[in-house]
2 protein chains.
Amino acid sequence: MHVSQLPLTALRAFEVAARHLSFKAAAAELHVTPTAVSHQIHQLESMLGVVLFERLHRGLALTAAARSCLQPLRNGFENLAQAMDALSEFREMGVLSVSAPPSFTLRLLMPITHQFLALHPEVDLNVTTRMREPWLASRSAKDEASVLREWVDTSDVVILFGGKPPLDVEVRELMPLSITLLCSPALLEGKGALRKPADVSGLPWLHDERGLKYGGMSFWQQWLRAAGIESSTPDRGHRFTHAALAIEAAVRGEGLVVTTPALCRAELAHGTLVAPFDISVPLEASYYLLARRGAPPRVRAFADWLCGALAR
Amino acid sequence: MHVSQLPLTALRAFEVAARHLSFKAAAAELHVTPTAVSHQIHQLESMLGVVLFERLHRGLALTAAARSCLQPLRNGFENLAQAMDALSEFREMGVLSVSAPPSFTLRLLMPITHQFLALHPEVDLNVTTRMREPWLASRSAKDEASVLREWVDTSDVVILFGGKPPLDVEVRELMPLSITLLCSPALLEGKGALRKPADVSGLPWLHDERGLKYGGMSFWQQWLRAAGIESSTPDRGHRFTHAALAIEAAVRGEGLVVTTPALCRAELAHGTLVAPFDISVPLEASYYLLARRGAPPRVRAFADWLCGALAR
DNA sequence: CCCTATTACGGTTCACGTAACTATC
DNA sequence: GATAGTTACGTGAACCGTAATAGGG
């Protein structure tokens with residue numbers, strides 16, 4: 001059969017299913033649902049007019065036809081994998097790919113990358129922003145661990161927000177995080193000014209997705225509790241998809257934001273944002289840096305530099 | 001690299017392009033446009049961070065990286081092709097797949113297949129109707145020969161209307177064709193009746209796509225010329241997508257049709273259609289039967305039977 | 001100027017997922 | 001009833017095509 005008309009996807013599904021003798025297990029390996037595997041096998045069977053599996057109660061059995069082609073099939077994919085690995089050897093050595101959440105990228109990473117590039121002019125940085133939740137939602141069959149594994153496999157450095165990821169890779173905690181209330185200094189003056197914590201109820205509250213959805217209580221709920229303020233509607237106010245957007249709104253004086261001050265260093269230094277009260281709640285979540293074990297020196301260099309830069 | 005994340009389509013494109021050292025030639029082999037190949041190669045290059053081709057003025061050159069993986073890649077696809085061929089050996093022997101144009105299927109093949117099935121009860125017939133023109137139009141990159149080749153590869157028997165196809169397969173002419181004017185006998189009586197050829201101008205003319213588009217002159221133009229009738233609007237009248245529909249309209253007395261009487265045997269025998277004049281134009285086109293060389297006995301049996309049945 | 005590859009943009013198909021169902025233990 | 005595979009149906013993304021562009025002889 002000619003290369004141009006090989007049903008590659010179906011063959012791959014068949015190879016994996018034959019190896020596991022289970023569509024379910026094959027689906028897990030392929031990061032899809034059993035339905036998809038069933039489709040592919042069915043397509044292959046009807047395209048060829050050959051039955052490949054005997055459907056037993058649990059699990060499957062290979063037919064003679066299936067057995068007859070299994071070895072070349074495995075060799076085939078084995079060879080393709082080999083070819084890919086051979087190519088990987090030639091990866092451009094100068095590029096360092098980093099994957100990080102959007103707000104981290106925008107507010108912590110991008111402002112300081114020039115420092116690293118100054119130290120390592122031979123490196124080309126390739127920064128990708130990725131969010132875990134939409135990614136997971138779109139690929140229902142993937143469990144979280146395998147998604148992270150995939151990210152670590154395709155990026156040199158991965159930055160995550162959350163708990164310590166249970167992966168067998170190099171993991172470093174970048175910095176402990178806390179949240180506090182921040183706002184434009186303009187809101188501290190004039191009519192309706194913010195003078196004591198209880199005054200927050202007179203001003204708009206700004207939220208971002210992570211502050212609302214991560215963990216049990218929203219960032220605002222946590223802060224209100226720490227401030228000893230009761231509110232029946234702790235999540236009222238404007239909502240933004242990214243912390244960076246909520247922060248920008250706060251800078252424009254549109255309201256009060258509860259976020260981690262680490263994301264607002266420049267604004268706090270300039271005074272365009274201020275922390276009016278000394279009420280701060282430590283977060284269990286943190287930023288973690290992941291990298292493959294045995295990664296090349298430039299990756300270690302970057303990880304070391306980033307840890308240092310953010311620790312300051 | 002793991003099987004589940006092999007970019008199979010891109011790898012295939014690369015293998016073919018590397019073999020030809022030309023995206024254009026690769027595109028032809030893959031039955032796609034050069035654009036598609038360019039996309040695939042680009043995707044592979046950027047996914048790996050490896051440049052695979054040096055783009056020269058005309059044609060391409062392989063980079064060291066590309067050369068390093070080419071052999072395993074070829075072996076890989078070679079093995080997959082082998083595996084597919086191994087499976088083909090196990091094809092269900094009972095089914096016989098036939099591909100034919102719609103009107104041929106409806107008016108010539110279906111009415112008589114029961115005869116064949118009576119002779120060969122062990123065979124399951126699988127009849128597909130396919131039209132060449134829309135198929136070709138939808139896949140611009142495929143030339144006619146390769147489409148036909150594909151059809152012959154995927155069907156045991158292919159019936160075509162047209163000139164003798166220049167393919168290296170078994171080709172038989174099923175029957176010489178001619179066209180003549182047919183109509184319901186009702187139109188030969190009463191007011192405005194059809195008594196001499198010139199009377200045709202007083203009645204609606206029925207056309208089908210093939211009669212209008214095949215070759216230089218439409219069926220009606222040819223017939224009018226043979227009848228010695230001048231018409232400034234030879235293609236006026238009702239149009240149908242298939243000859244079978246035009247014929248049915250003629251049976252209902254809706255007008256005059258110029259078509260091949262072979263498609264109307266039953267109606268001519270019953271007298272529900274008549275050929276009022278003895279003006280017949282032989283067609284250069286004909287129905288041809290194609291089958292793979294060395295096809296199994298049941299295919300030869302079908303071909304023999306069909307030739308015989310239609311020759312009567 | 002011609003030939004080949006690339007890019008932007010838009011469309012179609014194919015692979016996939018959800019949900020409901022079937023079958024077997 | 002639990003588990004695994006199947007089927008119907010709808011959706012999104014991957015793949016591809018058209019048209020316009022680049023670039024090199």
Side-chain angles (χ1 to χ4, degrees), chain A residues 4-47 51-63 66 130 134-143 146-147, chain B residues 3-14 16-18 20-47 51-63 66 134-143 146-147:
Chain A
S4 67
Q5 45 194 15
L6 289 172
L8 297 174
T9 313
L11 286 174
R12 163 162 59 189
F14 171 51
E15 193 275 334
V16 177
R19 195 144 35 73
H20 292 282
L21 287 178
S22 152
F23 288 2
K24 195 185 180 191
E29 174 170 337
L30 292 167
H31 306 306
V32 295
T33 56
T35 305
V37 178
S38 177
H39 282 148
Q40 293 297 330
I41 302 296
H42 187 79
Q43 182 198 316
L44 195 56
E45 286 183 327
S46 71
M47 145 179 293
V51 177
L52 296 168
F53 292 103
E54 292 171 44
R55 273 69 167 181
L56 306 176
H57 166 48
R58 298 196 181 184
L60 310 159
L62 294 171
T63 62
R130 284 199 277 211
W135 189 285
L136 277 167
S138 73
R139 317 186 143 205
S140 62
K142 294 201 170 191
D143 60 320
S146 70
V147 165
Chain B
V3 188
S4 66
Q5 44 195 15
L6 290 172
L8 297 174
T9 312
L11 285 175
R12 163 163 58 190
F14 171 51
V16 177
H20 292 282
L21 288 178
S22 152
F23 288 2
K24 195 186 180 191
E29 175 170 335
L30 293 167
H31 306 307
V32 295
T33 55
T35 304
V37 178
S38 178
H39 283 149
Q40 292 296 332
I41 302 297
H42 187 78
Q43 181 198 318
L44 194 57
E45 286 183 328
S46 72
M47 145 180 293
V51 177
L52 296 169
F53 292 103
E54 293 170 41
R55 274 68 167 180
L56 306 175
H57 167 48
R58 301 197 179 184
L60 311 159
L62 294 171
T63 62
W135 188 286
L136 277 166
S138 73
R139 317 187 143 204
S140 62
K142 293 201 168 189
D143 60 319
S146 69
V147 165

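In this text, all values refer to a predicted model and were calculated from it rather than measured experimentally. Residue numbers start from 1 in every chain, and the chains themselves are labelled A, B, ... in the order their sequence lines are given, proteins ahead of strands.
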Here the distance between atom P of D:dC16 and atom NE2 of B:His31, to the nearest Å, is 13 Å
What is the distance from CG of B:Leu60 to P of D:dG25, rounded to the nearest Å? 14 Å
Nearest-nucleotide wise, let me know which of B:Thr35 and B:Gln43 is further upstream toward the 5' end of DNA chain D. B:Gln43
So, do A:Arg19 and B:Val3 sit near enough that their side-chain heavy atoms are less than 4.5 Å apart? yes
From CD of B:Glu54 over to P of D:dG23, roughly how many Å is that when rounded to an integer? 18 Å
May I have the distance from A:Ile41 (atom CD1) to C:dC14 (atom C1'), rounded to whole angstrom? 16 Å
Are side-chain heavy atoms of B:His39 and B:Thr35 found at a separation under 4.5 Å? yes
Measure the shortest side-chain to side-chain distance between A:Arg55 and A:Leu60 over non-hydrogen atoms and say whether it is less than 4.5 angstrom. yes
Rounded distance (Å) that lies between atom C1' of C:dG11 and atom NE2 of B:His39: 13 Å
Report yes if at least one side-chain N or O of B:Ser38 is closer than 4.0 Å to OP1 or OP2 of C:dA5; otherwise report no. no
Nearest whole Å is fine: how far is C:dT24 P from A:Leu56 CG? 11 Å
Residues A:Ala66 and A:Phe14: closest non-hydrogen pair is CB-CZ, 3.7 Å
Out of C:dA5, D:dC16, C:dG17, which nucleotide sits closest to the side chain of A:Ala36? C:dG17
Whole angstroms only, please: what is the CZ-C1' distance between B:Phe23 and C:dT7? 14 Å
Below the 4.0 Å mark, does D:dC16 have OP1 or OP2 next to a side-chain nitrogen or oxygen of B:Gln40? yes
Taken to the nearest whole Å, CZ/B:Arg55 to C1'/C:dT4 is 12 Å
When you check the phosphate oxygens OP1 and OP2 of D:dC15, does a side-chain N or O of B:Thr9 lie under 4.0 Å from one of them? yes
Per A:Thr33 side chain, nearest of listed nucleotides C:dT18, C:dT7, D:dT6: C:dT18
Is a donor on one side and an acceptor on the other found under 3.5 Å between the side chain of A:Arg12 and the backbone of B:Leu6? yes
